[in-house]
Q: 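Just dropping this structure here.
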Protein chains: 2
Amino acid sequence: MASRTIENYLKQLWLEQQDTRGKYVPMGKLAALVGVTAGTATTMVKAIADSGLAKYAPRAGVRLTRAGEQLALHVLRRHRLLELFLVEILGIDWSDAHAEAEELEHVISETVLARIDLLLGHPSVDPHGDPIPSSAGKLEAPKLCSLAELHTGNTTIIARIVDQSSEFLRFAQSSGLVPKAQVVIEHTNPQAGAISARPDGKEPVMLSMVAAAKFLVRPCAATRGKRRNK
Amino acid sequence: MASRTIENYLKQLWLEQQDTRGKYVPMGKLAALVGVTAGTATTMVKAIADSGLAKYAPRAGVRLTRAGEQLALHVLRRHRLLELFLVEILGIDWSDAHAEAEELEHVISETVLARIDLLLGHPSVDPHGDPIPSSAGKLEAPKLCSLAELHTGNTTIIARIVDQSSEFLRFAQSSGLVPKAQVVIEHTNPQAGAISARPDGKEPVMLSMVAAAKFLVRPCAATRGKRRNK
DNA sequence: TTTTATATTTTGAGTAATCAAAGTATTATT
DNA sequence: AATAATACTTTGATTACTCAAAATATAAAA
Ligand SMILES: [Mn+2]
Ligand SMILES: [Mn+2]
Ligand SMILES: [Mn+2]
Ligand SMILES: [Mn+2]
């Protein structure tokens, strides 16, 4: 039904409009994400809006309708199941899986996807810890906090990495900062804007606050000063 | 490099020009194989010829150059490895594998293909018994004879089925006429143009000569009347 | 409030692939 | 040899996607 081009627009739009209730995604942002010029994005978005998958507000931006979100979630499901499949079954490097899945997500049939899902045991997260939408288009989003929010001495487990670039993922892997790894916060230095985290059985790693924020963890250790339950 | 459209033209061209030394594939034939009108095929073929992948002779037809053949063989390799992968690893029905591979063959990367090849143990034939070209673009084509050439009482093993349509493949599977199956020729009736073949442990199957010719077998039993070595 | 900078939209044009229908060449039939 | 049938090519138009550059609206600065 939707072309591969449109599927890409929808997916990027979905990812971008998360955690922004009612806010519109600006055209420049979308264009950059999809990798086209702003003019191209404007034209495509108008076509997408005409087919009822998004609402377009000139000079303000664009936002998916319910139908658009559902379609986007199906693309996202294909993408994330494929990523896990590439890593788990074929042994592809997790830093390359994203780029590979970016192509495959548009040509895989429902039948093949169902077999992959079965083979993987109906998984709930992809290799980066990103949740996999159900075949019905439901997505459970557990609220996680990040490494940047923890304090010296805290111990936690990495649940998710929110940067798909292969450079960052290669760095994360070589440091041992991968999903399911246990890490201890050795030092925090708010003034310098950096922390030191030590993955279990590995060397401590220095992380800027920006980098630390890309690692989502569980359980979210209680913050030092203010505890909810006294 | 080559678009998915051109890859399809090249692959069909290669399949069609096999066993025809120097003969040109007529446009109408190619158009039917690719599923476009004759005019479209003419236009595309001229473009393909301009890029050096084929030689086009107006009103006569088209033939791949060496470069075109090499590219076609790489597409064919992807196609056949994917078919086997879909059947062996994902458990897709072999009658559907062809159609699935038809799409995937254009988006799979060299890296992923290499992992699939490894996982399958560098196979030499696909689920239909079709030989898989090497990564260097070499193809060994063993000469086989067909069920239609055998005689009453002959026993042989099915090596290859030369019809990709899912209806025919479903019939073949339900009859037990699949690659590696042993079959005995129970009756031949040249006048009626039909034979009766019995797969090991199955019911005998009636086959027209046209249908029988689609099953290639090995070993090729010596023909009854004239033996090469007396 | 006028001017300037930034973001967005519009316009005009191009590429890749396709079809329907009209035109042309090549065979086959009479 | 003239005619009819067939195969092939050409023409003109369409769809989907894209970009560069000009035009316009909005927000920021002076
Ligand atoms: Mn994609
Ligand atoms: Mn992912
Ligand atoms: Mn194909
Ligand atoms: Mn095959």
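Note: hydrogens, waters and symmetry copies are ignored here, and every other heavy atom, side chains too, is used. Throughout, a chain's letter reflects where its sequence line sits, starting with A, and its residues are numbered from 1.
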Q: A:His106: which residues meet the side-chain hydrogen bond (donor to acceptor under 3.5 Å, both in side chains) condition with it, sequence neighbours left out?
A: A:Glu7, A:Asn8
Q: Taking B:Arg63 for its side chain and B:Lys23 for its backbone only, find out whether a donor-acceptor pair lies under 3.5 Å.
A: yes
Q: Do any of residues 3-28 of chain B sit with a heavy atom less than 4.0 Å from DNA chain C, and if so which?
A: B:Ser3, B:Thr5, B:Tyr9
Q: Keeping the roles fixed (side chain from B:Arg218, backbone from B:Ala159), state whether a donor-acceptor pair exists under 3.5 Å.
A: no
Q: Holding to ring-ring contact (aromatic ring centres under 6.0 Å, His included), I want the full list of residues that pass it with A:Phe171, two or more places apart in sequence or in another chain.
A: A:Phe168
Q: Between which nucleotides of DNA chain C, read 5' to 3', does contact with chain A run, using atoms under 4.0 Å from its heavy atoms?
A: C:dA7 to C:dT10
Q: Give me the atom names and distance for the closest heavy-atom approach of B:Ala211 to B:Leu207.
A: CB-CD2, 4.2 Å
Q: What ring-ring contact (aromatic ring centres under 6.0 Å, His included) pairs are there with at least one residue in residues 108-131 of chain A, not counting sequence neighbours?
A: A:Trp94-A:His128
Q: State whether a side-chain donor-acceptor pair under 3.5 Å links B:Gln70 with B:His74.
A: no
Q: Please tabulate the protein-to-nucleotide N/O contacts below 3.5 Å involving nucleotides 24-26 of chain D, giving atom names and distances.
A:
residue: D:dT24; atom: O2; partner: A:Arg59; partner atom: NH1; Å: 3.3
residue: D:dT24; atom: O2; partner: A:Arg59; partner atom: NH2; Å: 3.2

Q: Is a side-chain N or O of B:Ser146 found less than 3.5 angstrom from the main chain of B:Ala148, in a donor-acceptor match?
A: yes
Q: Residues from residues 32-48 of chain B sitting under 4.0 Å of DNA chain D, heavy atoms only?
A: B:Ala38, B:Gly39, B:Thr42, B:Lys46
Q: Which heavy atom in A:Arg80 sits nearest to a heavy atom in A:Pro127, and how many Å separate them?
A: O-CD, 4.4 Å
Q: Starting from Watson-Crick (N1-N3 plus N6-O4 or O6-N4) and G-U wobble pairs under 3.5 Å, report the runs of at least three that DNA chain C belongs to.
A: C:1-30 with D:1-30
Q: Enumerate donor-acceptor pairs with a distance under 3.5 Å from any side-chain N or O in residues 45-62 of chain A to protein atoms, sequence neighbours excluded.
A:
residue: A:Ser51; atom: OG; partner: A:Ile48; partner atom: O; Å: 2.9
residue: A:Lys55; atom: NZ; partner: A:Tyr24; partner atom: OH; Å: 3.4

Q: The criterion is side-chain hydrogen bond (donor to acceptor under 3.5 Å, both in side chains); which residues satisfy it with A:Asp93, sequence neighbours excluded?
A: A:Ser95
Q: Any donor-acceptor pair under 3.5 Å linking the side chain of B:Ser175 with the backbone of B:Leu177?
A: no
Q: Go through the structure and list residues passing side-chain hydrogen bond (donor to acceptor under 3.5 Å, both in side chains) with A:Thr40, not counting sequence neighbours.
A: A:Thr37
Q: Is A:Arg160 reaching over with its side chain to a backbone N or O of A:Val217, donor-acceptor style, under 3.5 angstrom?
A: no
Q: Test of understanding: with side-chain hydrogen bond (donor to acceptor under 3.5 Å, both in side chains), list the residues that count as partners of A:Gln17, not counting sequence neighbours.
A: A:Glu69
